[in-house]
4 protein chains.
Amino acid sequence: MASEKAADKRRSILEAATKVFAEKGFHASRVSDIASEAGVAHGLVYHYFDSKEQMLNELFSDRWSLLLAAMAEADETLETPREKLAAAAAFIVDSYRHQPEVMKVVIVEVTRAANSFGRIHLPEITRAYDQVASFVEQAQQKGEMRNDVSSTDASLLFFGAVEQFLSGWIFELVPANEEEFDRAKELVVDTIYRGLAPISEPVGD
Amino acid sequence: MASEKAADKRRSILEAATKVFAEKGFHASRVSDIASEAGVAHGLVYHYFDSKEQMLNELFSDRWSLLLAAMAEADETLETPREKLAAAAAFIVDSYRHQPEVMKVVIVEVTRAANSFGRIHLPEITRAYDQVASFVEQAQQKGEMRNDVSSTDASLLFFGAVEQFLSGWIFELVPANEEEFDRAKELVVDTIYRGLAPISEPVGD
Amino acid sequence: MASEKAADKRRSILEAATKVFAEKGFHASRVSDIASEAGVAHGLVYHYFDSKEQMLNELFSDRWSLLLAAMAEADETLETPREKLAAAAAFIVDSYRHQPEVMKVVIVEVTRAANSFGRIHLPEITRAYDQVASFVEQAQQKGEMRNDVSSTDASLLFFGAVEQFLSGWIFELVPANEEEFDRAKELVVDTIYRGLAPISEPVGD
Amino acid sequence: MASEKAADKRRSILEAATKVFAEKGFHASRVSDIASEAGVAHGLVYHYFDSKEQMLNELFSDRWSLLLAAMAEADETLETPREKLAAAAAFIVDSYRHQPEVMKVVIVEVTRAANSFGRIHLPEITRAYDQVASFVEQAQQKGEMRNDVSSTDASLLFFGAVEQFLSGWIFELVPANEEEFDRAKELVVDTIYRGLAPISEPVGD
DNA sequence: GATGAATGAGCGTTCATTCAT
DNA sequence: AATGAATGAACGCTCATTCAT
């Protein structure tokens, strides 16, 4: 009982941190902002976390491990490479749909922060890239994708596309609603699949 | 003469700032780091610039306006939408090729920094997005791209892909060399063009 | 019975405090260090003690009152001033022999801490100095010590010498073993006695 | 000129630190206390010093090196061991006479602080002890002191006595005036010399 | 008695910016 | 133009102490 409550409080502080990080960015977020968002004294933050940085690290790793797990499960349970890619895109988009603040922090403060947290979490990030690259290789082996594009580059294209949609929603460049979320998922996978389809005849020029 | 020297000094300070920002990120960069990189007293930085932020703002706007100009010129001088898109991709990639530090700062510290400088420069960033969207619309009107995808989304895909390649080079996830630069340019444009080609028959599954 | 247990717990906490204070010094010691050394929750410390300071105060006063009592008893039961001085030296050295941690705290954190606890406990400390001064006066009256040195100064010399031996052991400047303890006791008393012997003829130069 | 002024400012801050440390002790001294004592913004303290600790370290080492130099010089220029010991005692006492705050800090915050700065500066402290021990050995070789007392122990007695006088002045246990300073110097050396004189016949009992 | 969650005052340190020279 | 001394707001973090359970 008591420990459950403690865990709740810890979680509520981490949620407060997520909200504050999402709103103001990590650097502009003060520990006291987080504490008052959570409705606690700032000292309590340090009862549950070692530092402000640790909160972001944990926040990221918690979520990223879900993505890795989801992709691993998709790899095992789904049939086609395309379904697997679609599952990966769906997981990311749906994560944003349900918890935009978490994903905003994950994307903006970590995966795209080449000088700070991105560097720290590079191993985890790379694991996701590798998983998508593996999906691509499966597609290549099935003859569904062209072989002359490296799976690494294809994975880059995939994440670039998905993250940019999130970026667009975050920056409010494009509307963020249910329809758009679903459209984005399909568009990304469809475009990648068409764009990297085996080449029979030249397209465009 | 004297003013030329002054302009040189100013430029050398901005170059030092670029280097330092690229290495450590904006937040971790101290004005004194920039000053010592430039070989001047840190007070002198404030003779030429109002603030640390101003340096980044100027750095970004200088470069971004070149991109906007390049795209505008491409729009006027080049024939096909595909060539125009290719010119945009080439400009960005070649910018990185020649001045990776500038582009690292532009991408990492501004266009992807949704909570700080990205927000400030949103109008300029949007202008580039709109220009690419316009290229897409031209392609759509010529029947080279499917009409049921919004040009905005297509533009997002384009920038997502290009920036992710830069990200890959910055993070050292993929090798950064002449071949790769050229391959990336082509791959992005080709994939977008194929991926968004008018739909005749289903692809993939 | 219950109260005995309580008293035991209280004592074990004070012992833990002694150990921690001796190891890290009062300022570097955290209440939680003491609690975990004692194997209790740190809140419990405040059930038995008002504050961290109180623990040191009590620790010191407990021990110092034993010294005062020992010297008072020596004054009453022993014959010669020299025996009394020897008893005082022996008590201090043997205290260190048996409980080096307690004496380390007493000396380092209190009697030599002129800006904090030393000031607070000055009355008790002075009482010990006065007692030794009284022994000296007795020796002077018996003609065993020179009269032209104030008993206060002689007392200072005595404590300076004894404490410095403790210091030497604490700092590990000199070996701390049974032999040394006994040698130190004798050396201090002997040297003081010889050094302050009535002057018949010049010594040294 | 400019650098002279800068050096002056640095010195005035260190002097302010000395005064504040002497008054309140190192731990109770705030950097802002030092800054306002020096009449500067607290940020300036960090322009000249790395940390609060560095100020105490420098303060101590500056003074202690003077003591070591004085003793080395005494060793070279003076004739008799007794004169050398007297010079050592005189240097310490006169240091206190002229700059009681410096010496208070040196003694209270360093040489007697077994858990913090004393430990850090043990090598320097030991060097002084060794020098006095060397004086004692010289006296022993000249037959002026008993051989059966280790020079280390004798050195301990010497410093114990001298420091305890400083302690007495610091604690205001004994009056601190010119007469007393001179009396103390003589008393310490005289007592040590008599107390450790070669033994012909038993003294005291 | 006992726990440990919760509080919040307090401090060392950093660093962008200003300004006298 | 150029220097670097000087300022001071700001913040992360610690930890003694309190208190609900």
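Distance, Arg10(C) CZ to dA2(E) P: 13 Å, rounded to whole Å. Note: OH (Tyr48(D)) to C1' (dT13(E)) measures 18 Å, nearest angstrom. The distance between atom CD1 of Ile34(A) and atom P of dC13(F), rounded to the nearest whole Å, is 10 Å.
With a 4.5 Å cut-off on side-chain heavy atoms, Val45(D) and Met55(D) count as touching.
Under the salt bridge (Lys or Arg N to Asp or Glu O under 4.0 Å) criterion, the residue pairs touching residues 29-53 of chain A are Lys19(A)-Glu37(A), Lys24(A)-Asp33(A), with sequence neighbours excluded.
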Distances under 3.5 Å only, N/O to N/O: pair up the protein atoms with those of nucleotides 14-18 of chain F.
residue: dC15(F); atom: OP2; partner: Arg30(C); partner atom: NH1; Å: 3.3
residue: dA16(F); atom: OP1; partner: Ser29(C); partner atom: O; Å: 3.4
residue: dA16(F); atom: OP1; partner: Lys52(C); partner atom: NZ; Å: 3.4
residue: dA16(F); atom: OP2; partner: Val31(C); partner atom: N; Å: 2.8
residue: dT17(F); atom: OP2; partner: Tyr46(C); partner atom: OH; Å: 2.7
residue: dT17(F); atom: OP2; partner: Lys52(C); partner atom: N; Å: 3.0
residue: dT17(F); atom: O4; partner: His42(C); partner atom: NE2; Å: 3.3

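Counting all heavy atoms, side chain and backbone alike, Asn115(D) lies closest to Gly25(C) at ND2-CA, 3.4 Å. Closest approach of Ser61(C) and Glu124(C) over heavy atoms only: OG-OE2, 2.9 Å.
At least one side-chain nitrogen or oxygen of His47(C) sits closer than 4.0 Å to the OP1 or OP2 atom of dG1(E). In this model, the phosphate group of dA6(F) is approached by a side-chain N or O of Lys9(D) to a distance below 4.0 Å at OP1 or OP2.
Separating the OG1 atom in Thr111(C) from the CG atom in Leu166(C) is a distance of 9.0 Å, to the nearest 0.5 Å. For the atom pair Ser116(B) OG and His27(A) NE2, the distance stands at 9.5 Å (nearest 0.5 Å).
Using a 4.0 Å heavy-atom distance criterion, Val45(A) is classed as making no nucleic acid contact.
Shown are Arg119(C), His121(C), Arg63(C); of these, the side-chain contact (heavy atoms from CB on, under 4.5 Å) with Val110(C) is made only by His121(C).
Both the sub-6.0 Å distance and the 45° axial angle are not jointly satisfied by Arg112(A) relative to the ring of Phe117(A).
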Given Watson-Crick or G-U pairs with both distances under 3.5 Å, what dot-bracket string fits DNA chain F, with | for other-strand pairs and [ ] for crossing? .||||||||||||||||||||
